[in-house]
Amino acid sequence: MGQDATDPGSSHPLAERLHQHEMAALDLYVVYLGERLGLYRALAEDGPATSAELAERTGTAERYVREWLEHQAVAGFIDVAVVTGDEGAASTRRPVERRYALPADHLAVLVDRDSLTFSADKAIDVVRAARRLPELVGAFRTGGGIPPLPWEPEGRVDFNRPRFVNLLGRAWLPSIPEVDRRLTSDPPARVADVACGTGWSSIAMARAYPRITVDGFDLDDAAIEQATRNAHQEGVADRVNFRAADAADPGFSGRYDLATIFEALHDMSRPVEALRASRSLLDQGGWVLVADELVGEDFSIEAGDRERYVYAWSVVSCLPDAMGDPDTAATGAVMRPSTLRAYALEAGFRDVAVLPIETEFWRFYRLIP
């Protein structure tokens, strides 16, 4: 166990701040177990349970589950009521059996993967990021990158899925008149979704605009396989195709009315080449839509929590992922508007416009060929 909060050193404001962060990190590790083992879902789908009942439902060991449930109750993630037993002196008390329940207003955060407030995946992200820290220490010394982290055992986390499902086709694209008009008109529009990952952006666009066809591109074979399964499950596989291919392939040139890159450009080691390839995909009159991190125009120590969050992910993940390429642009997640503009102009675009779409996390850019 770590340093106790009552230790003299913890009275320092920074020490107390780090102690609070330690507790938060430990909370996320316990959430990780609940997500991976299906404990939250079992409480949501089958109702309140004792530790023995929850262990039986999920095929886990009762003693571990009891400790997990008690932590979750103390942390305020779940509710608990004493059912039987006695909380009295150890010499006289009867065994206590408690029943635990997931509060209704926590379902969206811990269980519903389509909810905009779903956050259990954050625990998985943090655990995965920690796995590469020893390698990152070495990378700091050499200036190189670190190997890609396999998605197993957790599987790929669809952390942007709720945003795409709830906002992309229902709010963001309809708010851009030129895009909405083209996606709803004839002849049916063709969309290229570059760095599509597991395909939820492509699927969301196809569901919102039933006339269009979407081709999703990604270099990750496993992501494309999952994206294809997702499209079939969502009933749009007849209009959404996924390719484990480079969008720069000349065979795709001049075919699309719109090319999109959602929260991926800053991760690319060669963003100018990626933008140049996206530009080549466009038919006459087409344009590129980029969404990336909402950060300030310039560095400032007064930057808020959002930029602090982006910087942290840049240090432990986004920048290291790009540093293995000797010709990397080394952008990092904190890609400021001026940086994106410079990349776009170098890639041959005439202009870049920031679109008036208000979100708490992304800024949207229209790149004009």
Side-chain angles (χ1 to χ4, degrees), residues 145 159-160 163-164 167-168 171-173 175-179 191-197 201 205 216-219 246-248 256-282 286-300 302-325 327-369:
F159 50 86
N160 278 327
R163 296 174 181 174
F164 293 139
L167 298 173
L168 179 56
W172 295 337
L173 294 181
S175 73
I176 311 172
E178 303 95 321
V179 170
V191 178
D193 193 11
V194 178
C196 65
S201 49
M205 288 188 282
F217 297 88
D218 203 287
L219 298 178
D246 191 336
Y256 298 95
D257 302 285
L258 175 68
T260 60
I261 308 175
F262 296 114
E263 202 186 22
L265 188 65
H266 72 257
D267 288 317
M268 298 177 183
S269 59
R270 304 183 185 189
V272 173
E273 291 184 17
L275 291 177
R276 190 175 291 125
S278 298
R279 182 172 174 269
S280 73
L281 294 171
L282 300 177
W287 51 280
V288 173
L289 174 67
V290 174
D292 219 290
E293 306 300 346
L294 181 60
V295 295
E297 298 280 347
D298 299 291
F299 172 81
S300 169
E302 303 299 327
D305 285 347
R306 169 63 190 171
E307 193 152 318
R308 171 183 156 199
Y309 177 80
V310 174
Y311 261 121
W313 276 115
S314 189
V315 171
V316 302
S317 181
C318 301
L319 181 60
D321 283 340
M323 290 293 283
D325 185 339
D327 294 320
T328 183
T331 307
V334 188
M335 182 173 65
R336 305 200 184 278
S338 58
T339 301
L340 187 144
R341 174 178 290 276
Y343 289 161
L345 295 179
E346 186 178 348
F349 288 90
R350 288 188 298 110
D351 200 5
V352 178
V354 175
L355 297 172
I357 299 175
E358 294 187 5
T359 79
E360 297 178 356
F361 35 85
W362 289 346
R363 180 181 281 112
F364 286 76
Y365 303 86
R366 176 184 178 182
L367 278 58
I368 305 168

Residue pair L275 / F349: nearest heavy atoms and the distance that separates them: O-CE1, 3.5 Å
What's the shortest heavy-atom distance between V194 and S278, and which atoms? CG2-OG, 4.0 Å
Residues 288-300 vs side chain to side chain donor-acceptor pair (under 3.5 Å), sequence neighbours excluded, gives H266-D292, E293-R306
Could you pull out the closest heavy-atom pair between T359 and L294, with the gap in Å? O-CD2, 3.3 Å
Test log, rule side chain to side chain contact (heavy atoms under 4.5 Å, CB included), inputs L355 and L289: CA-CA 10 Å; L355 297 172; L289 174 67; 3.6 Å; yes
I'd like to check W287 versus P369 (side-chain heavy atoms, cut-off strictly below 4.5 Å). Are they in contact? yes
Rounded to the nearest 0.5 Å, what separation is found between the CD atom of E178 and the CZ atom of R366? 4.5 Å
Measure the spacing between CZ of F217 and CD1 of I261 and express it to the nearest 0.5 Å. 11.5 Å
Any donor and acceptor pair, going by atom type alone, linking the side chain of R363 with main-chain N or O of P337 inside 3.5 Å? no
Parallel, tilted or perpendicular, as decided by the 30° and 60° cut-offs, for the rings of W362 and F164: tilted
Of all heavy-atom pairs linking R279 and G348, the shortest is NE-O, 3.1 Å
From S280 OG over to Y256 OH, what is the distance, rounded to the nearest 0.5 angstrom? 10.5 Å
Heavy-atom nearest pair, A322 first then D267, reads CB-O, 3.9 Å
Residues at least two apart in sequence or cross-chain that pass side chain to side chain contact (heavy atoms under 4.5 Å, CB included) with L319, listed by chain then number, are S314, M323, A330
Pair V295, M335 - check side chain to side chain contact (heavy atoms under 4.5 Å, CB included), show working. CA-CA 7 Å; V295 295; M335 182 173 65; 5.8 Å; no
Do Y343 and M268 have side chains that get closer than 4.5 Å, going by heavy atoms? no
Is there a side-chain contact between F361 and Y309, using heavy atoms and a 4.5 Å cut-off? no
For the student: nearest non-hydrogen atoms of L281 and A192, plus distance: CD1-CB, 3.8 Å
Any donor-acceptor pair under 3.5 Å linking the side chain of R341 with the backbone of V352? yes
Passing option when F262 is tested against L168, V290, N160 for side-chain contact (heavy atoms from CB on, under 4.5 Å): L168
Quick check for you: to the nearest 0.5 Å, what is the distance between S175 atom OG and E358 atom CD? 10.0 Å
